[in-house]
**Q** 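Got a structure for you, questions after.
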Number of protein chains: 2
Amino acid sequence: MSRVVNGTPVKIAPQTILDVRKAVAELDYRTQSAGRALRKGTTQIIAVLAANLGNPVMSAIASSIEHALRQNGYVMLLCDTHEQADIQDEYLREMEALRVRAVIMVVAVPSPKLDEFRQAGIPLVFVNRRDPVRSRFPYVGIDNAAAGRDVAGYCLSKGWREIAVIHASLVYSAGRERLQGFLDRMQHPEGGLHTVRQFGSSGLDHLRIGELAMQDVLAQPVRPDVVVCLSDLLAYGAYKQASGAGLSIPRDMPLISFDDGPLNQWIAQWLSAVRIPYELIGDAVIAALTAMLESQHGNSSRQDKSPPVHDHIIPHQLIIRG
Amino acid sequence: MSRVVNGTPVKIAPQTILDVRKAVAELDYRTQSAGRALRKGTTQIIAVLAANLGNPVMSAIASSIEHALRQNGYVMLLCDTHEQADIQDEYLREMEALRVRAVIMVVAVPSPKLDEFRQAGIPLVFVNRRDPVRSRFPYVGIDNAAAGRDVAGYCLSKGWREIAVIHASLVYSAGRERLQGFLDRMQHPEGGLHTVRQFGSSGLDHLRIGELAMQDVLAQPVRPDVVVCLSDLLAYGAYKQASGAGLSIPRDMPLISFDDGPLNQWIAQWLSAVRIPYELIGDAVIAALTAMLESQHGNSSRQDKSPPVHDHIIPHQLIIRG
DNA sequence: TAGGTTCATGTAAACGTTTACGCAAGATAA
DNA sequence: TTATCTTGCGTAAACGTTTACATGAACCTA
């Protein structure tokens with residue numbers, strides 16, 4: 001029975017197949033995952049630990065991943081870690097007990113349990129932000145450094161000289177690489193004369209950080225030609241502050257950000273941004289995942305070489321608006 | 001062992017408890033949910049079927065529910081039905097096989113499998129939109145009719161005479177009740193002279209519907225004093241269209257909507273809206289849920305009376321901006 | 001026809017947990 | 001002291017699935 005519904009690679013008489021099919025249809029039989037999970041020691045559940053579902057970009061990513069997982073016979077289990085190590089650990093423990101097949105970290109923070117997972121052989125995929133600890137697990141997302149360079153290139157092409165950058169914490173890969181790429185390109189010989197001032201603080205609420213940073217920007221003696229925000233939410237916060245101060249965006253002060261959530265084209269036409277093609281993330285995650293799962297199988301026989309998983313860089317695009 | 005970790009109501013020697021605790025701590029034992037699920041026939045998983053995670057209000061609601069469920073020892077499994085009956089059914093089938101403890105429908109559509117679920121005894125909670133079929137299952141959300149009346153009251157207080165309403169499909173409770181409440185109050189004796197014109201179409205993409213509806217509004221010979229949109233997304237679409245046509249919102253044309261997603265206060269200061277307190281939804285869902293689960297237990301003995309579950313109406317608030 | 005080979009299917013064990021049941025030892029009562 | 005009752009704990013069955021292994025039928029070959 002199990003052999004026919006699951007397509008076990010074993011010879012079955014055609015008649016038997018039909019008989020089973022009929023019985024299945026008649027009884028409306030549906031395999032119960034509890035029994036299977038117990039026997040096989042794993043499930044079809046894949047956990048997605050997202051840092052902040054209140055961020056439209058992240059829920060768009062979650063939505064894309066959910067769709068792709070479902071297409072491939074998995075079930076998504078979605079959690080919100082609020083970017084806090086203890087919550088992330090609690091969830092990871094829970095996922096362990098649930099015997100999930102894999103865990104997808106959409107913006108991870110370092111945590112003890114995550115260290116354990118890296119050892120334990122449970123496949124991990126890091127989306128949007130690389131593994132805080134250099135590891136053999138794949139990253140799915142844009143080339144943040146290149147995106148930073150693109151933004152810098154655009155600023156240079158516009159001849160902007162006075163530049164402000166608003167950032168949140170820079171200890172993680174995404175923000176750090178974006179800033180690094182931006183500064184690299186800016187310091188390029190052909191960059192000419194310009195000043196880049198940095199504003200921002202570390203913390204969890206990007207909206208608020210952006211708001212406060214813009215306050216600092218406006219308190220400067222000289223108003224920047226452009227303000228580059230390292231994420232959409234930072235730009236939203238900055239926008240509120242600047243608008244409240246009577247500035248018209250982008251006429252008085254252009255804003256450029258990274259992420260470009262799906263709502264921007266509707267209600268944030270004042271914002272230019274590097275767009276993460278979140279629709280593509282689901283498929284890329286699946287690709288990374290299946291590569292890992294297969295290499296995991298193969299490795300059971302020959303333990304020697306580490307799995308040949310690699311990052312999946314998806315193309316970004318600078319969208320100019322306003 | 002099971003007795004002590006689960007706190008079974010049975011006498012256990014204090015010493016044994018300590019011994020077990022020690023062993024659990026030493027071995028880092030964690031009960032595997034597969035075995036438990038198999039034995040008990042149910043899980044700690046609660047499925048949330050949301051119609052559209054791309055809608056910030058819905059992801060905010062999902063986030064709130066997730067938090068509340070976690071607090072109460074459940075695990076949330078989140079799906080996106082895209083408001084389509086066949087996808088919703090596919091998910092419901094999956095949840096059945098997973099033996100989820102309950103299903104929370106955040107904006108449900110009628111579907112055959114949903115009909116089965118109502119019979120099958122799997123607890124259901126309907127959030128934001130009532131069960132399309134009148135049923136004994138609880139609704140959690142705001143009083144949409146009252147919200148509609150509040151908006152009408154505000155319009156009357158401002159003395160607006162020419163009023164446009166933008167709506168999507170009106171076959172479901174939320175939109176229908178909002179519009180009904182609005183019209184009821186408008187037609188109240190003290191309402192005075194005014195005209196209400198309705199725009200909109202049915203479909204899944206509220207953003208696009210709003211955009212097209214606003215196109216129709218602007219094509220009218222007389223420009224309305226206010227445009228009331230039955231959801232945030234409709235307002236976003238309408239805003240884009242109106243802005244594109246050179247109008248300044250809200251100066252040239254105030255917009256009022258329902259939902260008031262968390263981003264509005266940051267980047268949609270031009271929008272007044274009835275706020276759903278999404279932070280409160282999680283707790284309300286838990287209340288509805290535990291009431292059902294308890295009444296379910298009690299009912300196993302006396303089948304006669306239907307469960308005394310009731311709706312949980314949470315307070316809304318009209319936020320005026322701009 | 002006997003022996004060997006393949007092929008399809010039946011059988012049973014195992015996964016980890018919960019819980020009904022029963023047993024032993026200690027406490028109480030006669 | 002013996003009989004009865006309580007208390008704490010050990011035992012085993014059951015949940016539904018997968019899969020290694022056994023069984024037996026049919027088919028081929030010499």
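Every chain is numbered from 1 and lettered A, B, ... according to where its sequence line falls, protein lines coming before strand lines.
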**Q** Does Asp311(A) come within less than 4.0 Å of Arg130(A), counting only side-chain N to carboxylate O?
**A**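 Between Arg130(A) and Asp311(A) there is a salt bridge, with a charged N closer than 4.0 Å to a carboxylate O.
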**Q** Contact between Leu92(A) and Asp89(A) at the side-chain level, heavy atoms closer than 4.5 Å - yes or no?
**A**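 Yes - at least one pair of side-chain heavy atoms lies under 4.5 Å apart.
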**Q** Counting C-beta onward and ignoring hydrogens, is there a side-chain heavy-atom pair between Val125(A) and Val103(A) closer than 4.5 Å?
**A** no
**Q** Taking for each residue the nucleotide of DNA chain C with the nearest heavy atom, is it Arg99(A) or Thr8(B) whose nucleotide lies nearer the 5' end?
**A** Arg99(A)
**Q** Apply salt bridge (charged side-chain N to carboxylate O under 4.0 Å, His left out) to Arg101(A) and list each qualifying residue two or more places apart in sequence or on a separate chain.
**A** none
**Q** Is Lys113(A) paired with Glu96(A) through a side-chain N to carboxylate O contact shorter than 4.0 Å?
**A**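 The answer is yes: the pair qualifies as a salt bridge.
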**Q** All N/O contacts under 3.5 Å from nucleotides 4-10 of chain D to the protein, with atom names and distances to one decimal?
**A**
unit_1  : atom_1 : unit_2   : atom_2 : d
dC9(D)  : OP1    : Thr16(B) : OG1    : 2.1
dC9(D)  : OP2    : Ala13(B) : N      : 3.0
dC9(D)  : OP2    : Thr16(B) : OG1    : 3.2
dG10(D) : N7     : Arg3(B)  : NH2    : 2.7
dG10(D) : O6     : Arg3(B)  : NH1    : 3.0
dG10(D) : O6     : Arg3(B)  : NH2    : 2.9

**Q** When you check the gap from the basic side-chain N to the acidic O, do Lys22(B) and Asp19(B) get nearer than 4.0 Å?
**A**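 No, this pair does not count.
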**Q** What residues in residues 21-47 of chain A put a non-hydrogen atom under 4.0 Å from any atom of DNA chain C?
**A** Leu38(A), Arg39(A)
**Q** Does any non-hydrogen side-chain atom of Val107(A) lie less than 4.5 Å from one of Asn55(A)?
**A**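 No, every pair of side-chain atoms sits at 4.5 Å or beyond.
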**Q** Would you say the side chain of Ile12(A) lies within less than 4.5 Å of the side chain of Arg3(A), judging by non-hydrogen atoms?
**A**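 Touching, per the 4.5 Å side-chain cut-off.
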